[in-house]
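Since the structure is predicted, the reported quantities are computational estimates derived from the model, not experimental observations. In what follows, every chain begins at residue 1, and chains take the letters A, B, ... in the order their sequences are listed. Hydrogens, waters and symmetry mates are skipped; everything else that's a heavy atom, side chains included, is used.
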Number of protein chains: 2
Amino acid sequence: MEESSSRSGENLLFLTDEQLRKGIEAMFFAYRGFTADPDRILATMAYGRAHHRAMHFISHTPGTTVNNLLSILGVTKQSLNRVLRTLIEDGLVESKVGARDRRERHLFLTPEGVSLEQRLSDAQRKRMRAAYRKAGPEAVAGFRTVLESMMDTNLLQHYHDERSVRQ
Amino acid sequence: MEESSSRSGENLLFLTDEQLRKGIEAMFFAYRGFTADPDRILATMAYGRAHHRAMHFISHTPGTTVNNLLSILGVTKQSLNRVLRTLIEDGLVESKVGARDRRERHLFLTPEGVSLEQRLSDAQRKRMRAAYRKAGPEAVAGFRTVLESMMDTNLLQHYHDERSVRQ
DNA sequence: CTTGGAAAGTCAACAAGACTGACATATAAT
DNA sequence: ATTATATGTCAGTCTTGTTGACTTTCCAAG
């Protein structure tokens, strides 16, 4: 409730409860817009947002293992497995037994998987590009800065680990 | 980062597919962090994110009707009703028959509801405040600008309508 | 070499929370 | 009186999360 704390020289207007509340609502509405387009496409098939997320990260890091994907997505392996199973059955994802460790499964998108993933992320990129263009490069830099501070760094550890090892 | 600004007059580096992909992933990870704290609290009771959202907007716009809430939240009435019913049963939300139009129900938080809502949004504000403070006022301005461009303005129509009428 | 634990992945059953569709009730508007 | 609106409810489905139990595989200690 310390609204007028801008007496100490710095302008801290952006830290008032009202500003924070607006930021919270902006996150809610923006995230809904952010997922709306791919969701519309996915609704026409038997897939959901979870399938999109899995395909996104497989596309980005081909050959990733189920365990890596679990850490990145932050769900249980049983939950991911259901999604993965349908994607594999439908020929969008391929699962290859690991050469080094035969317990591991390395995941890749098939050409059909690449095609759907592109269709989905094109829709998402289109909206993101429009927002970026409208806001301008400086706003985009600020956007990224705040988002990065908002992430739960603990949950992200695996993501960075995995990429540095694998690339 | 911004190596080659303005070669054709404008710097469009921030619109490359790779930058957009990073923005998309940042949204995903940040939103997860954004909801993590209230989710942890909610998990200890019989409530979920849907209850939090309902209480947030009732708190912000006391006396709002069920229909207004439906438009803002973008869910079906059956879905909202399930949430609302439990909140009313548990004494967190009060539903008053409209004076002007007795078909309408006006929604308010009870003292208990206010208490829980505060506990939840305090957790969320805390993280948002930390992110804002770390990023600084200019980044925050950019953050808000991009988020506002990313919202689906069609879906938000009701929100603004309702607030201008009601305040 | 064997054996026992740990790790990776799969299967089954269940719950939350979204959805649709049909229907009921009360009230308002025409 | 009839029609439209606001809300609430029942039944059934879907996605996506959960826990628990299981198999296969690897590895390391005896």
Just the rounded figure in Å: distance from P of C:dA8 to CG of A:Leu70.
10 Å
To the nearest Å, how far apart are A:Asp39 CG and D:dT15 P?
13 Å
Pick base, sugar-phosphate or nothing for A:Gly74, based on heavy-atom distances below 4.0 Å to the nucleic acid.
nothing
Phosphate contact (D:dT5 OP1 or OP2) by B:Asn67 side-chain N/O below 4.0 Å
no
Need one value for B:Arg85: base, sugar-phosphate or nothing, where a base atom within 4.0 Å counts as base even if backbone is also close, heavy atoms only.
sugar-phosphate
Listed in order of residue number, which residues of residues 86-93 of chain B have a non-hydrogen atom at under 4.0 Å from DNA chain D?
none
Look at the aromatic rings of B:His52 and B:His56 and report parallel, tilted or perpendicular, splitting at 30° and 60°.
perpendicular
On DNA chain D, check which nucleotide each of A:Arg105 and A:Lys77 is closest to and give me the residue with the more 5' one.
A:Lys77
The side chain of A:Ser79 lies closest to which of these nucleotides: D:dG8, C:dA18, D:dT18?
D:dT18
Name the closest nucleotide to the B:Ala50 side chain, picking from C:dG9, D:dT7, C:dG17.
C:dG17
Touch class at under 4.0 angstrom, heavy-atom based, for A:His52 against every strand present
nothing
Of the nucleotides D:dG8, D:dA6, D:dA21, which has the atom closest to the B:Glu104 side chain?
D:dA6
Step by step, work out the side chain to side chain contact (heavy atoms under 4.5 Å, CB included) result for A:Arg32 and A:Asp39.
CA-CA 10 Å; A:Arg32 195 168 60 183; A:Asp39 281 357; over 6 Å; no
Could you tell me whether the phosphate oxygens of D:dG17, OP1 or OP2, come under 4.0 Å of any side-chain nitrogen or oxygen in A:Arg53?
yes
A:Leu84 CG - C:dC11 C1' separation (whole Å):
14 Å
What is the distance, rounded to the nearest whole Å, between atom CG of B:Leu80 and atom P of C:dC19?
10 Å
Taking atom OG1 of A:Thr65 and atom CG of A:Leu70, what is their separation to the nearest 0.5 Å?
8.0 Å
Residue-phosphate contact under 4.0 Å: B:His51 side-chain N/O, C:dA16 OP1/OP2
no
Does D:dG17 have OP1 or OP2 under 4.0 Å away from a side-chain N or O of A:Thr76?
no
Quick check: does any side chain N or O of A:Arg125 sit under 3.5 Å from a backbone N or O of B:Ile24, one acting as donor and the other as acceptor?
no
Nucleotide C:dA16, atom P - distance to CE of B:Met45 in whole Å:
16 Å
Check whether any side-chain N or O of A:Asn81 sits under 4.0 Å from OP1 or OP2 of C:dG9, and answer yes or no.
no
Basic-acidic side-chain contact under 4.0 Å: A:Arg40, A:Asp37:
yes
Whole-Å distance separating the CZ atom of B:Arg102 from the P atom of C:dA26
11 Å
Side-chain donor/acceptor contact of A:Arg103 with base of D:dT24 under 3.5 Å:
no
Ion pair present between A:Arg21 and A:Glu25, side-chain N to carboxylate O less than 4.0 angstrom?
yes
A:Gln78 CD: over 12 foreign heavy atoms closer than 6.0 Å
yes
Out of D:dG17, C:dG9, D:dC26, which nucleotide sits closest to the side chain of A:Val75?
D:dG17
Any N or O donor-acceptor pair under 3.5 Å from the base of C:dA16 to the side chain of B:Arg82?
no
Taken to the nearest 0.5 Å, the spacing of B:Phe57 CZ from A:Phe28 CZ works out to 5.0 Å
Does A:Gln78 contact C:dG9 through a side-chain donor or acceptor facing the base, at a distance under 3.5 Å?
no
Could you give the CZ-to-C1' distance, from A:Arg32 to C:dG17, as a whole number of Å?
16 Å
May I have the distance from A:His106 (atom NE2) to D:dT25 (atom P), rounded to whole angstrom?
15 Å
Just checking, any donor-acceptor pair under 3.5 angstrom between side chains of B:Thr16 and B:Glu18?
no
Presence of B:Arg49 side-chain N/O under 4.0 Å of D:dT16 phosphate oxygens OP1/OP2
no
